[in-house]
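Indexing begins at 1, ligand by ligand and atom by atom, following the structure's order. Please read these numbers as outputs of a predicted model, since none were measured by experiment.
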Amino acid sequence: MTKQNGYSRRDFFKGASVLAGAAALGGMGAPTVGAAAETAADIPRRKLGKTDLMVSAVSLGSGGDNSDINVIKYAISQGVNFIHTSTGYKKGVAIQNVAEAIKGQRDKLVLGLKITWAPDNDTALDTALETLGVDSVDIAFFNIHKASQVSDPKYRLGAERWIKAGKFRYVGLTSHKETAECLKAALDQGFYNALMPSYNISMEEEFLPIFERAGKAGVGVVLMKSGRGLNGDAYYDAVPQYLATPGITTICKGYGSFRDVQKVIEASRQPADAEVGKRVREAAAVTMTGHCMMCGTCDRVCPQGLPVADVVRCSDYYMEHAEYVGTAFLTYAELAARPQASICGDCDRCERACPNGVPVMHHIRHAETILA
Ligand code: SF4
Ligand code: SF4
């Protein structure tokens, strides 16, 4: 049977029949627990670094606009067992949706929670757990975007205290700015159990040695934002390539429909294919040319200390990712300071410093016009 975009017709119809079964359960209603037992073994499970957590090779994020309760329930019913969330996603709606979707299923799930507050803020953590409807999560990820902050002992002390209090068992670091440097700094610290970087396949040159180092050190790697630059079925073609990469444990992403969930599960079962991988890499390289790679250089050179990369990210969300339009507005609104024509004047230092040729000034003007 010939394969197109890495899939055979048999793969497609197998997925379609499962979707039809889900629909028969009551439109977009929740599938049964029995369905979970039937299909759970089909998704590859992987050990997250040196932890005792076995996570599905494809896992569920709840960022962006992808936190539909029924899609989350469906993913769980199909064997996705690792779900990551944050109080910050969709202004708190995402974590509430996850809470609703996981009711009565906590014991079969691995839960990850992004910590966006100070590591001594017990109230924020307790509120998050209460919102999620659980006493504890399995792993918490500190949200750090400056490599110089990773070594701050407050994170280790906070993690140790919260682990002792039973709030979570393992600690990770998540980053989407100065990402490579943050990951390296985290590996230097030696106490993180997992890393969750913003990453896509066009960034291999810089990140593969880091992932390999993580693998050797027994630190799990959970990818996020891995679909950037991969349009249409290219993302599903990239999944086997990601999963074959030494060090990468699981791909965490939000999905908008039952069909998307089924497609990524099917993709997780495919072996990496050199020809498909070559095509995906070439496509991603073209698509990502001139797109932000979230290196954070623009932030570092801004004489006014403005969050330039965040504004580029918001503008990029709006223009490139339909499912993130809501996030673009919310994130932009929450920025404490924003680059604007009236503040920047004739300066264009950020754009000149960008190593990836991103039209930063265009994004600044675009965000000011569309998102403000
Ligand atoms: S806009 Fe350029 S410099 Fe700024 S984070 Fe993105 S890639 Fe780096
Ligand atoms: S143009 Fe604005 S955002 Fe960019 S470096 Fe200058 S002051 Fe900072």
| field | For Met361, atoms of ligand 2 separated by under 4.0 Å from a heavy atom | value | 1 (S)
| task | Could you list the residues that satisfy ring pair (Phe, Tyr, Trp, His ring centres under 6.0 Å) with Phe329, not counting sequence neighbours? | result | Tyr318
| request: May I ask you to list the atoms of ligand 2 that are less than 4.0 angstrom from any heavy atom of Pro303? | output: 5 (S)
| task | Determine the interplanar angle of the Phe211 and Phe207 rings, folded into 0 to 90°, and report it as parallel if under 30°, tilted if 30 to 60°, perpendicular if over 60°. | result | tilted
| task | Show the protein residues that qualify under the rule heavy atom under 4.0 Å from an atom of ligand 1, listing them in chain and number order. | result | Cys292, Met293, Met294, Cys295, Gly296, Thr297, Cys298, Ala309, Cys354, Pro355, Val358, Val360
| task | State which residues pass side chain to side chain contact (heavy atoms under 4.5 Å, CB included) with Ala124; sequence neighbours excluded, sorted by chain then number. | result | Trp117, Asn121
| task | For the pair Arg313 and Asp310, find out whether any cationic side-chain nitrogen is under 4.0 Å from an anionic carboxylate oxygen. | result | yes
| query | For ligand 2, which atoms sit closer than 4.0 Å to a heavy atom of Cys344? | reply | 1 (S), 2 (Fe), 3 (S), 7 (S)
| Candidates Asp138, Asp122, Asp126 - the one meeting salt bridge (charged side-chain N to carboxylate O under 4.0 Å, His left out) with Lys167 | Asp126
| field | Whether His84 and Phe141 hold their rings parallel, tilted or perpendicular, with breakpoints at 30° and 60° | value | perpendicular
| query | Taking atom types as modelled and ignoring hydrogens, do the side chains of Tyr74 and Gln262 form a donor-acceptor contact shorter than 3.5 angstrom? | reply | yes
| Looking at residues at least two apart in the chain, or sitting in another chain, which of them share a ring pair (Phe, Tyr, Trp, His ring centres under 6.0 Å) with His145? | His176
| message | Can you name the atoms of ligand 2, numbered from 1 with element, that are less than 4.0 Å from a heavy atom of Cys347? | response | 1 (S), 5 (S), 6 (Fe), 7 (S)
